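The residues of the chain are indexed from 1 along the displayed sequence. If you're wondering where the values come from, they're calculated on a predicted model, not measured in any experiment.
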Amino acid sequence: MHFPGRFVDQLVADQLDRLSLSFLVDDMVIRPGGVAGNIAFALGVLGQSPLLVGAVGADFGEYRARLEANGVDCSAVLVCEDVNTARFVCTTDDDMRQLASFYTGAMARSREISLAPFVERVDLALIGANDPEAMLRHTDECRELGLPFAADPSQQLARMEGPEIRRLVEGARYLLTNDYEWELLLKKTGWTEAQVTEKVEIRITTHGEKGVEIYGPETLKVGIVPETGKVDPTGVGDAFRAGFLAAVAGGLSMERSAQLGSLIAVQVLETDGPQEWTWDRAHGLERLRDAYGPDAATEIERVLPA
């Protein structure tokens with residue numbers, strides 16, 4: 001939903017303990033989304049064959065058809081007939097600030113899924129925001145099975161405590177956060193930046209319009225693809241992850257992978273909804289050339305779908 005105003009203008013500083021607000025919105029759109037769905041969708045659009053793992057409700061049929069039509073393998077999805085699929089209800093104001101509620105629904109059943117039957121079918125597991133018990137189980141399984149994983153706790157960092165977060169992070173090939181989540185992770189785990197570096201192979205931290213920082217064998221700073229306008233920030237982080245992982249799967253460097261991630265992220269930012277963007281190879285390459293130069297576009301081109 002969209003609120004034609006600014007949330008901050010509705011707040012009274014000395015009355016926050018009595019906060020009770022209702023926003024008259026001028027638009028409501030129902031979009032397919034969710035962390036796993038957004039990332040899997042974008043990976044499919046980019047020519048990969050992602051395996052979606054998670055729990056959904058009896059209402060998943062239409063969404064399944066959409067994902068499968070875009071190259072997503074939904075054979076590992078657990079369907080729970082007695083509940084609905086998780087829902088994220090979000091209102092965005094004119095400053096692109098958001099207020100949201102999240103209905104767990106079938107997501108709580110994700111903890112019942114084991115990754116063992118799928119380990120031979122994937123090269124890397126991304127453990128994204130999900131039921132906390134499922135996140136812990138799947139991370140532990142990755143370590144036990146020797147399956148490389150990317151730790152992407154995102155929204156669940158606010159809910160989980162230090163010992164749980166440490167379990168999610170330790171041994172990850174990639175740790176993905178934004179700058180706020182990175183600071184929260186340090187605060188809750190009690191780790192220093194150097195200690196995190198010892199726990200993971202590569203840390204990727206996004207800084208919005210300031211670009212991306214990558215810490216690993218080498219330290220990199222990658223700028224953004226300039227936007228043509230801000231429409232909806234929902235799913236921008238998921239889009240970056242998909243572009244980054246698609247490039248990694250194609251054998252590209254960390255720098256090129258972050259550049260493709262930034263391209264997909266800005267396309268989502270410029271679109272109303274996390275899965276409403278469309279892929280145009282020629283236009284994408286033009287934007288890569290403009291942002292990063294012809295060499296970058298040439299290298300990234302070889303992993304892009306027609």
### Where Ala239 and Ala265 come nearest, the two heavy atoms and their spacing
CB-CA, 3.7 Å

### Message
With a 6.0 Å cut-off (strictly less than), is the heavy-atom count around CZ of Arg121, excluding the residue itself, greater than 12?
### Response
yes

### Query
Do Arg281 and Glu301 sit within salt-bridge range, that is, some charged N less than 4.0 Å from a carboxylate O?
yes

### Query
At what distance, to the nearest 0.5 angstrom, does CD of Glu227 lie from OG of Ser262?
12.5 Å

### Query
More than 12 heavy atoms of other residues, nucleotides or ligands under 6.0 Å from OH of Tyr180: is that the case?
no

### Task
Verify side chain to side chain donor-acceptor pair (under 3.5 Å) between Asp179 and Thr205, making sure each step is shown before the conclusion.
CA-CA 6 Å; Asp179 47 358; Thr205 306; over 6 Å; no

### Message
For Phe23 together with Phe7, are the ring centres under 6.0 Å from each other?
### Response
yes

### Query
Less than 4.0 Å between a side-chain N and a carboxylate O, is that true for Asp232 and Arg31?
no

### Task
Check each of Glu213, Glu198, Glu193 against Arg203 using the salt bridge (Lys or Arg N to Asp or Glu O under 4.0 Å) test, and report the only one that passes.
Glu193

### Query
Minimum heavy-atom separation for Ile127 to His138, with atom names?
CD1-CB, 3.8 Å

### Message
I'd like to know if Asp93 and Arg6 make a salt bridge, using a cut-off of under 4.0 Å between side-chain N and carboxylate O.
### Response
no

#### Entry: Sub-6.0 Å ring centroid separation between Tyr103 and Phe88
no

